[in-house]
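Note sheet for the following structure.
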Amino acid sequence: MCGRFTLRTPPDVLMEAFDVAALPEFPLRYNIAPTHDVLIVRANGPDREAVLVRWGLIPFWAKEVSIGSRMINARSESVSEKPAFRVPFQKRRCLVVADGYYEWRAEGARKQPFLIHGDDDRPFAMAGLWDRWTGSEPPTESCTIITTDSNAATRAVHDRMPVILDARDYPRWLDPDFRDTERLAAMLIPNESMAWRVDPVSSYVNNVRNQGPRCVEP
DNA sequence: CCAGACGTTGTT
DNA sequence: GTCTGG
DNA sequence: CCAGACGTTGTT
DNA sequence: GTCTGG
């Protein structure tokens with residue numbers, strides 16, 4: 001799955017990688033947790049825009065913000081049918097920008113966290129959905145991250161992983177007028193096209209109050 | 001019909 | 001044990 | 001994902 | 001808003 005991730009890549013590299021003309025102001029992040037603002041890329045008419053939205057999807061019909069805490073991930077196998085995700089899957093798809101994510105593996109009584117990242121530490125796009133909730137003023141925009149089975153590189157740590165999209169799929173994934181559910185579903189598969197590293201890190205990352213570079217250290 | 005949920009993961 | 005907050 | 005709360009009353 | 005359970 002994906003319950004914590006990093007974004008340490010400088011803005012100019014992100015703008016080049018995701019073909020956006022501008023980025024919102026945000027600091028380098030070593031420990032992004034649910035309810036935090038995350039950087040997403042989405043369609044904006046014929047263009048793309050990068051914006052910050054809250055992680056944990058709050059459906060437009062929700063009565064409470066708190067529902068977002070349970071909507072941090074969406075299973076690729078069922079995302080097109082679930083009431084909370086059906087409409088966003090049809091027309092509010094996005095890229096959730098990251099350059100690493102964390103998984104925990106039980107080792108006896110302990111849980112060992114791992115940082116999973118590309119061997120070149122390049123940023124990547126996790127498949128996401130977003131929504132807008134008008135129960136607050138101003139409205140709250142939020143997102144979820146789609147999960148799938150793990151790939152060969154990460155299977156030993158965990159049996160699920162976020163969907164990492166192939167860059168060639170970005171245009172259709174982001175196009176709200178693209179409604180070919182079968183072809184969309186075909187994008188939601190374990191990523192085997194990147195070279196992945198799986199590195200153990202300190203349990204310092206466990207506490208969301210810890211936000212510094214120590215999170216990615218052994 | 002109305003009421004109530006709407007989610008994933010891991011562990012037992 | 002289970003839910004909420006981060 | 002993990003950490004931390006989980007409750008009410010009355011007083012400051 | 002929409003689906004499921006009763």
Side-chain angles (χ1 to χ4, degrees), chain A residues 1-7 26-27 29-39 52-92 96 98-117 126-136 139-151 154-164 176 181 188 190 198-212 214-217:
Chain A
M1 71 166 313
C2 183
R4 224 64 88 71
F5 64 97
T6 62
L7 184 56
F26 68 94
R29 302 295 309 281
Y30 295 88
N31 195 3
I32 299 171
T35 72
H36 291 178
D37 278 352
V38 299
L39 184 70
L52 295 172
V53 304
R54 180 186 167 107
W55 181 16
L57 188 140
I58 305 164
F60 65 93
W61 42 257
K63 292 192 185 73
E64 307 283 340
V65 193
S66 59
I67 193 172
S69 296
R70 302 198 301 277
M71 308 278 181
I72 65 170
N73 291 138
R75 291 178 63 85
S76 57
E77 297 88 342
S78 57
V79 65
S80 65
E81 296 147 25
K82 295 286 185 181
F85 302 133
R86 204 171 62 86
V87 175
F89 182 74
Q90 287 178 63
K91 48 189 188 187
R92 288 192 287 274
V96 181
D99 49 32
Y101 68 96
Y102 296 103
E103 294 286 8
W104 281 258
R105 182 173 68 191
E107 298 182 347
R110 297 192 53 78
K111 278 193 145 186
Q112 171 66 50
F114 294 85
L115 175 67
I116 298 170
H117 57 129
M126 300 187 287
L129 309 174
W130 65 277
D131 211 335
R132 179 183 288 113
W133 184 63
T134 55
S136 62
T140 302
E141 291 188 332
S142 59
C143 71
T144 191
I145 296 168
I146 300 176
T147 61
T148 184
D149 288 330
S150 55
N151 60 13
T154 65
R155 198 161 296 144
V157 168
H158 202 76
D159 64 345
R160 301 287 291 175
M161 72 180 294
V163 170
I164 314 292
T181 302
L188 305 181
V198 180
D199 294 329
V201 294
S202 155
S203 58
Y204 182 76
V205 71
N206 288 14
N207 197 315
V208 299
R209 289 188 303 242
N210 296 142
Q211 288 292 323
R214 256 178 78 189
C215 290
V216 299
E217 299 297 325

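Only this structure's heavy atoms are used, side chains among them; waters, hydrogens and symmetry mates stay out. Quick note on labels: first sequence line is chain A, next is B, and so on, each numbered from 1.
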Original post:
What's the verdict on salt bridge (Lys or Arg N to Asp or Glu O under 4.0 Å) for A:Arg105 and A:Glu107, showing C-alpha distance, side-chain angles and the deciding distance?
Top reply: CA-CA 6 Å; A:Arg105 182 173 68 191; A:Glu107 298 182 347; 2.9 Å; yes
Subject >> Whole-angstrom distance between E:dG5 and B:dT8, as gauged at atom P >> reply: 16 Å
Original post:
Are A:Asp37 and A:Arg54 within salt-bridge range, i.e. N to O under 4.0 Å?
Top reply: no
Original post:
Would A:Asp159 and A:Ser150 count as having a side-chain donor-acceptor pair, cut-off 3.5 Å?
Top reply: no
**OP:** Evaluate the side chain to side chain contact (heavy atoms under 4.5 Å, CB included) criterion for residues A:Glu103 and A:Val198: first the C-alpha distance (whole Å), next the side-chain angles of each, then the deciding distance (0.1 Å), finally the verdict.
**Re:** CA-CA 9 Å; A:Glu103 294 286 8; A:Val198 180; over 6 Å; no
Original post:
Does DNA chain B take part in any stems of at least 3 consecutive Watson-Crick or G-U pairs (both distances under 3.5 Å), and if so, which ones?
Top reply: B:1-6 with E:1-6
**OP:** Answer with base, sugar-phosphate or nothing: what part of the nucleic acid does A:Ile72 contact at a heavy-atom distance below 4.0 Å?
**Re:** base
**OP:** Answer with base, sugar-phosphate or nothing: what part of the nucleic acid does A:Arg4 contact at a heavy-atom distance below 4.0 Å?
**Re:** base
Original post:
How far, in whole Å, is D:dC6 from B:dC6 if one measures between their C1' atoms?
Top reply: 24 Å
Subject >> Contact state string [nucleotides 1-6 of chain E, B base, S sugar-phosphate only, - no protein heavy atom under 4.0 Å] >> reply: BS----
**OP:** Determine the contact category for A:Thr147: base if any of its heavy atoms lies under 4.0 Å from a base atom, sugar-phosphate if only primed atoms, P, OP1 or OP2 are that close, otherwise nothing.
**Re:** sugar-phosphate
Subject >> Chi angles and distances behind the side chain to side chain contact (heavy atoms under 4.5 Å, CB included) call for A:Phe89, A:Thr181 >> reply: CA-CA 9 Å; A:Phe89 182 74; A:Thr181 302; 4.0 Å; yes
**OP:** Tell me what A:Ser66 touches on the nucleic acid: a base, only sugar-phosphate, or nothing, going by heavy atoms under 4.0 Å.
**Re:** sugar-phosphate
Subject >> Salt-bridge contact A:Arg70-A:Glu64 (side-chain N to carboxylate O under 4.0 Å) >> reply: no
Original post:
Tell me, do A:Val79 and A:Leu188 make a side-chain contact under 4.5 Å, heavy atoms counted?
Top reply: yes
**OP:** Please test A:Tyr30 against A:Tyr204 for side chain to side chain contact (heavy atoms under 4.5 Å, CB included), starting from the C-alpha separation and ending with a verdict.
**Re:** CA-CA 11 Å; A:Tyr30 295 88; A:Tyr204 182 76; over 6 Å; no
Subject >> chain A footprint on DNA chain D, 5' to 3' - any atom under 4.0 Å from a heavy atom >> reply: D:dC1 to D:dG4
**OP:** Considering only atom P, compute the distance from D:dC2 to B:dT9 and round it to an integer number of Å.
**Re:** 13 Å
Original post:
Please walk me through it: do A:Met126 and A:Ile164 pass side chain to side chain contact (heavy atoms under 4.5 Å, CB included)?
Top reply: CA-CA 5 Å; A:Met126 300 187 287; A:Ile164 314 292; 4.0 Å; yes
**OP:** Check every strand shown and say whether A:Phe85 touches a base, only sugar-phosphate, or nothing at a heavy-atom separation below 4.0 Å.
**Re:** sugar-phosphate
Subject >> Euclidean distance for P, D:dG10 against B:dA3 (whole angstrom) >> reply: 34 Å
**OP:** Compute whether any side-chain donor of one residue and acceptor of the other, for A:Asn31 and A:His36, lie under 3.5 angstrom apart.
**Re:** no
Original post:
For DNA chain B, whose closest nucleotide is more 5', that of A:Lys111 or that of A:Ser78?
Top reply: A:Ser78
Subject >> Heavy-atom closest contact (A:Arg4 atom, A:Val205 atom, distance) >> reply: NH1-O, 3.0 Å
